[in-house]
Number of protein chains: 2
Amino acid sequence: MRDSEIREIRSLAIFAKMADEAFDRLCRGAYVQTFPPQIELITEGEPSDFLHVLSEGRVEMFARWNGRETTMALLRPVTSFILAATVRDRPYLMSARTLEKSRIILLPSEDVRAIFEEDAAFARAVVTELATDYRNVVKNTKNLKLRSSIERLANYLVRRQDRAEGARTFQLPVEKRKIASLLGMTPENFSRALRTLGEYGVEIDGLTVTIRDREDLVHFAKPTPLIDDPST
Amino acid sequence: MRDSEIREIRSLAIFAKMADEAFDRLCRGAYVQTFPPQIELITEGEPSDFLHVLSEGRVEMFARWNGRETTMALLRPVTSFILAATVRDRPYLMSARTLEKSRIILLPSEDVRAIFEEDAAFARAVVTELATDYRNVVKNTKNLKLRSSIERLANYLVRRQDRAEGARTFQLPVEKRKIASLLGMTPENFSRALRTLGEYGVEIDGLTVTIRDREDLVHFAKPTPLIDDPST
DNA sequence: CCGAATTTTTGATCCAGATCAAGTCCCCGT
DNA sequence: ACGGGGACTTGATCTGGATCAAAAATTCGG
């Protein structure tokens, strides 16, 4: 593993405070791999042999049942993923695929669990991470159950604008069909919903979004930190 | 706190392995309260001052947004709830109300966090609990996004029968409207879906369900451990 | 730069599930 | 036992969103 990668991992909240010795041991068993786009990195149901860290590129988490498929999350560097499966030593609940050429760091789950037993700082960080993830999934459930699809889209755009530091114009992070699936809607419905939001000052050109009147959009979207703030 | 209650809490996986000293300290600050039915124990958005343990009775977790409300979970003894909010010292994401007369043990969140910092066994147990909870919410999301409402209901009944150790006849745990909301459907739609499942050998009389032909129902429901097994 | 494949949009239609409106049933307190 | 209120069911209707179909716009490999 490159020095830059080691520093990268180290900077993740989950690894930041653990003892050097433990961190070194974790890195010893780790390896890095670069994948082309559209590679299925992990498949739901399989044993969780590695904790994954996305170092470069883009990854989609998704799930399948009975011939259907839905996007569960879109990841960008630097993030770890499938921590819960690793910790519990249980099969993956979600699958993951690269959306573009991506570099993934693989940490053997056994090592992660072993070091977790020994290093208290690491254990605490894992708790914080899992609690945060848990709360984000709960927020997502509320989003799905309490809002219509157009409301979810409106709030998604508001959040995107926040992420773009409030810029009037910003880019959607991935193709629309993925965002549609993430929000629990079809591409067709997504497209129409976007047009409908034109009434509230949303303009769209390809992946470029312009929010003409944020006030107006927010008034419609009615965001709340209890659903829409990913940090709390 | 009564001796029986102390033993009760102690038997929860999350508290089972911690040091006696730490456990005693946790109990010292704890107190117990009995609530009548329909009392809102906690309200989303409020600071998470206590980790709650349901000792007797029944509790509903629910969430509100923009005048709408949805059931998030139904709890029965003995369970802790809102662990993630406590650990992260963040506002509750869900509200909770008693469905019947209930006894609740309240553990000051500050104590929980303090002891969590000191007692490694407790920290590990918290991780396991959070990872399990996280995975259950993910399963729930898959259930919501990948299945129609009648498929969710069919799988719910299969799970219920499992919980009743496979008995042909068993009782629904709460009023139907709550189950409907939990499954993300209206009471009317719930009622009709139940009738529709008659085709697959489901009979209903009040809260009493009889599964005439489990094979048939399972064939329709297509359960998978990656959604329907709460233990993995 | 061209052609093929994929995504996106638009239109038409369909359907699952919501809403509205009445009953009916059941529980519960007096 | 009776009356009242909520829960449940049933029917009628409506609608958000899905599906089907087919252009239009993009992307990408060669």
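The chains referred to below are lettered A, B, ... by the order of the sequence lines, with proteins before strands, and numbering in each begins at 1.
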Answer with yes or no whether E188(A) presents, from its side chain, a donor or acceptor under 3.5 Å of a partner atom in the base of dC20(D).
yes
Nearest-angstrom distance from the residue atom [atom1] of [X] to [atom2] of [N]:
| X | N | atom1 | atom2 | value |
| --- | --- | --- | --- | --- |
| K176(B) | dC8(D) | NZ | C1' | 6 Å |
| L153(B) | dC8(D) | CG | P | 14 Å |
| I150(A) | dG16(D) | CD1 | C1' | 10 Å |
| L183(A) | dG16(D) | CG | P | 18 Å |
| D205(B) | dT9(D) | CG | P | 10 Å |
| L99(B) | dA7(D) | CG | P | 12 Å |
| M185(B) | dC8(D) | CE | C1' | 14 Å |
| R147(B) | dA18(D) | CZ | P | 18 Å |

Using a strict threshold of under 4.0 Å (side-chain N to carboxylate O), is an ion pair present between [Y] and [X]?
| X | Y | answer |
| --- | --- | --- |
| E44(B) | K142(A) | yes |
| R64(A) | E40(A) | yes |
| E151(B) | R68(A) | yes |
| R103(A) | E8(A) | no |

Result for 5'-nearest mapping on DNA chain D, choosing between G184(A) and S191(B), is S191(B)
By nearest-heavy-atom nucleotide on DNA chain D, the more 5' of T186(A) and L207(B) is L207(B)
Boundaries of the chain A footprint along DNA chain C (any atom under 4.0 Å from a heavy atom)
dT7(C) to dA12(C)
What class does the angle between the rings of H52(B) and F81(B) fall in, given that below 30° is parallel, 30 to 60° is tilted and above 60° is perpendicular?
tilted
What's the closest nucleotide to the side chain of R192(B) if the choices are dG17(D), dA7(D), dT10(D)?
dT10(D)
Member of R163(A), R152(A), K139(A), R147(A) meeting the salt bridge (charged side-chain N to carboxylate O under 4.0 Å, His left out) criterion with D228(A):
R147(A)
Side chains of V53(B) and T79(B): closer than 4.5 Å at any heavy-atom pair?
no
